[in-house]
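Notes for the one structure printed next.
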Amino acid sequence: MCGIVGFIGERKAAPILFEGLERLEYRGYDSAGIAVLNKDVITTRKTTERIKMLREITENGQGIPGSLGIGHTRWATHGAPSERNAHPHVSNDGKFAVVHNGIIENYITLKEELIQKGFIFESETDTEVVVHLLANYYKGNLIEAVVKAAKRLEGSYALGIICAHEPDVLVAVRRLSPLILGVGIGESFIASDVTALISHTKTVMYLEDGEIAEIKKSGIRVFDKAGSPVEKSTTEINWNIDAAEKSGYDHFMMKEIMEQPRAVRATLEPRIKNGKIKLDDISITAADLKNVNRIIITACGSASYAGQVGRYVLEELLRIPVEVDLASELRYRNPIINEHTLLIVISQSGETADTIAALKEAKGRGARVLSLVNVVGSTIAKMSDDVLYTWAGPEIAVATTKGYSTQLALLYLFGVYAAELLGNRTGEECAEMITELQNLPEQIEQALILNDNIITLAQKYHKNQSIFFIGRNIDYAVSMEGSLKLKEISYIHSEAYAAGELKHGTISLIDNDRLVIALACYERLFDKLMSNIKEVKARGAKVLATAIVGNTKILTEADDVMYIPRTNPLFLASVEVIPLQLLAYYVARDNGCDIDKPRNLAKSVTVE
Ligand code: G6P
């Protein structure tokens, strides 16, 4: 949800800003802009198109001199995507420029106050108040002005600030929105995430909420919200730039689909030692688990659908009631949560605004918080009592694939681990499940190989305007993710339905040639699902099914089948989601959609 970058050093800033922005485009891409300071003049360039256009209008940045600059790629919240609303925003005297990720919630009050003081607003954004506040408070010391301005801001922000009066400093400040500082040799960077820095430096510094960084060529000083100096340490990133590149694939999404066996292995392997699960990263004990009488999983989007799978798995293994509560709903309910509740928070980015708010709400009521997160040092990771990292590496495509798969892997690991701690499963039963978990990466690989016919299936079905997914139990949980994947990247209307529920209304939408994708891998309920397939076939639907390899009975009803290898039914989702991801990808490709950056979406939703 908006990406920001900044650079200070000896090199020309503009090309570095463009490269960083291109890596952050997944966060929002409805307009973009940069501001570069040269001597005492700030030059801005903006576009309502992609970064490519900024490159074109500035000779790849060579046409803009200056070694200090900030850049922004936007996902519009306040004000339509237009050049006027694109960042950076500049003060009336042209001396300050600001890029912002987040939402200034009290901007209307601040705007009225600033208008009274004579400031002129050029845009409809909430961000513009920040730049005028800075101009208002500046009395010869930028850090002091930022401290004063930040005190007035409510909401969430990561800000990059430059000022023509102080040509040797880049200032960054954050509250509830992500921002990372990159420490190079004689140069420094700011960015919304590591992917935008990694080609220049692997040494990073994480800013805590409220902290302000004064970034100079010679080094970085950090202050707390009152302006007092804070000691900070740096962290080394342990992955390479290739992880953030397409490596020969047409799209990040396909690269990330193909990376899933490796990613799931990276999640599982370090936590299985001598046939036992070791979750050294968390401190939950058997006594803690015995104290839990309710588990609530909260998340948004695909992460919540991973949670839907988790519900079936954890209830089965732990015999503790599990609910999945969408973070955007939980945060405004009056939820029944207390010190006997374990809240499992799932988030790839660790920065999703609704998920953060739900976490706070539950924590405030006494819940113990375990989060499953991909981005190290993210807000959710920091706010939780325990964190399990998914170790999926950077995920760039807006539609998640390896993020979801690694979240499932952690849910299984935690489930088996907790089942043994609680004494719900014997050591032997757990050992068997652990072996099955270790086989998952290979089974995912087989599912990828088995499904090379999906290109043909996509050609056959990509013109459908409305598609229903049906399933029971874990098949149903997977159908939610399959349906979301399809609709978000191919723009085809699609719904996931519990197969037994279809006849209570929705079956009236089934008519000739309507495509129903029937997930038929949960074998205990296979016959029930077959009856549901018959119901839709009888009304003229075409049926594309999933099934376990070797199942020929499905061929008596389904028009086409996508096979997957056999797994422990509890871990089925990890394998069954593979053909659904591939189908969504090829259908979107056949429909000419922008697969990695679907319209209206952003990967990291840091606003409500
Ligand atoms: C966006 C992304 C989804 C993701 C959801 C939650 O909608 O496009 O892929 O599942 O946000 O994001 P999180 O980072 O919290 O997992």
Side-chain angles (χ1 to χ4, degrees), residues 3-24 26-27 34 67-72 99 101 143 146 158-162 168-175 177-224 229-245 266 270 281 348-351 373-382 387 389-396 604:
I4 71 174
V5 290
F7 172 76
I8 183 163
E10 295 291 345
R11 295 188 279 163
K12 219 171 222 177
I16 295 169
L17 299 176
F18 291 155
E19 186 201 328
L21 288 177
E22 275 161 350
R23 295 200 192 279
L24 295 179
Y26 72 87
R27 300 178 67 87
I34 58 165
S67 301
L68 166 59
I70 48 180
H72 188 271
V99 286
N101 171 27
I143 291 291
V146 174
L159 296 165
I161 301 162
I162 57 173
D168 62 341
V169 59
L170 163 67
V171 174
V173 52
R174 73 170 282 261
R175 179 177 184 269
S177 290
L179 191 66
I180 290 158
L181 314 183
V183 186
I185 298 167
E187 56 186 24
S188 299
F189 309 79
I190 64 169
S192 299
D193 85 28
V194 177
T195 51
L197 310 168
I198 192 89
S199 64
H200 303 289
T201 178
K202 288 183 164 189
T203 308
V204 301
M205 199 184 270
Y206 294 101
L207 276 190
E208 298 295 326
D209 258 9
E211 286 180 345
I212 301 165
E214 179 195 61
I215 304 155
K216 295 189 169 177
K217 273 187 272 188
S218 52
I220 297 176
R221 291 201 301 161
V222 177
F223 304 92
D224 66 13
V230 182
E231 277 300 311
K232 298 290 286 184
S233 55
T234 55
T235 305
E236 292 298 312
I237 300 299
N238 62 1
W239 47 266
N240 287 321
I241 185 65
D242 337 346
E245 293 192 331
D281 18 13
Q348 189 282 128
S349 64
E351 301 293 348
V373 173
N374 193 36
V375 178
V376 176
S378 54
T379 307
I380 290 174
K382 285 184 188 150
V387 187
Y389 284 109
T390 44
W391 303 128
E395 191 179 60
I396 313 283
S604 177

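It should be emphasised that the depicted structure is a prediction, and the values quoted were computed from it without experimental measurement.
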Check the pair Glu211 / Val173 against side-chain contact (heavy atoms from CB on, under 4.5 Å), numbers first and verdict last.
CA-CA 6 Å; Glu211 286 180 345; Val173 52; over 6 Å; no

Lys382/Glu208 under salt bridge (charged side-chain N to carboxylate O under 4.0 Å, His left out): CA gap, chis, key distance, verdict:
CA-CA 9 Å; Lys382 285 184 188 150; Glu208 298 295 326; 3.6 Å; yes

Could you please spell out the steps behind the salt bridge (charged side-chain N to carboxylate O under 4.0 Å, His left out) verdict for Arg221 and Glu214?
CA-CA 5 Å; Arg221 291 201 301 161; Glu214 179 195 61; 2.9 Å; yes

One pair to check against side-chain contact (heavy atoms from CB on, under 4.5 Å): Trp391 and Val376. What are the steps and the verdict?
CA-CA 9 Å; Trp391 303 128; Val376 176; 3.8 Å; yes

Give the C-alpha distance, both sets of side-chain angles, the deciding distance and a yes or no for side-chain contact (heavy atoms from CB on, under 4.5 Å) between Tyr389 and Val373.
CA-CA 5 Å; Tyr389 284 109; Val373 173; 4.3 Å; yes

side-chain contact (heavy atoms from CB on, under 4.5 Å) assessment of Leu170 paired with Ile70
CA-CA 8 Å; Leu170 163 67; Ile70 48 180; 3.6 Å; yes

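Taking all atoms of both residues into account, the shortest heavy-atom contact from Leu24 to Ala196 is CG-CB, 3.8 Å. Closest approach of Ile215 and Ser188 over heavy atoms only: CG2-CB, 3.2 Å. Minimum interatomic distance between Ala213 and Leu181 (heavy atoms only, all atoms of both residues): CB-CD1, 3.6 Å. Of all heavy-atom pairs spanning Ile34 and Ala14, the tightest one is CD1-CB, 3.9 Å. For the residue pair Arg174 and Thr379, the shortest heavy atom distance occurs at NH2-OG1, 3.3 Å. Between Leu207 and Lys232, the shortest heavy-atom contact is CA-NZ, 4.1 Å.
Annotation: the span from Ile16 atom CD1 to Ile8 atom CD1 amounts to 11.5 Å, rounded to 0.5 Å. Atom OG of Ser218 sits about 8.0 Å away from atom CG of Asp168, to the nearest 0.5 Å. Atom CG of Leu197 and atom CD1 of Ile237 lie 8.0 Å apart (nearest 0.5 Å). In this structure, the separation between OG on Ser192 and CG on Leu179 is 6.5 Å, given to the nearest 0.5 Å. For the atom pair CD of Glu245 and OG1 of Thr195, the computed distance is 10.5 Å after rounding to the nearest 0.5 Å. How far CD of Glu19 is from OG of Ser199: 3.5 Å, rounded to the nearest 0.5 Å.
Scored by the side-chain contact (heavy atoms from CB on, under 4.5 Å) test, Thr235 finds Val204, Tyr206 as partners (sequence neighbours excluded).
Counting only distance, with no hydrogens or angles, the side chain of Ser67 and the backbone of Arg11 share a donor-acceptor pair below 3.5 Å. Of the possible polar contacts, one joining the Asn374 side chain to the Gly393 backbone as a donor-acceptor pair under 3.5 Å is found.
In this structure, a donor-acceptor pair under 3.5 Å is absent between the side chains of Ser378 and Glu351. Thr390 and Gln348 share no side-chain donor-acceptor pair at under 3.5 Å. Side chains of Arg27 and Ser349: no donor on one and acceptor on the other come within 3.5 Å.
No salt bridge links Lys217 with Glu187; every basic N to acidic carboxylate O contact stays at or beyond 4.0 Å.
Between Phe189 and Phe7, the two ring planes are tilted [angle within 30° to 60°].
Looking only at side-chain heavy atoms (C-beta outward), Pro178 and Asn101 come within less than 4.5 Å of each other.
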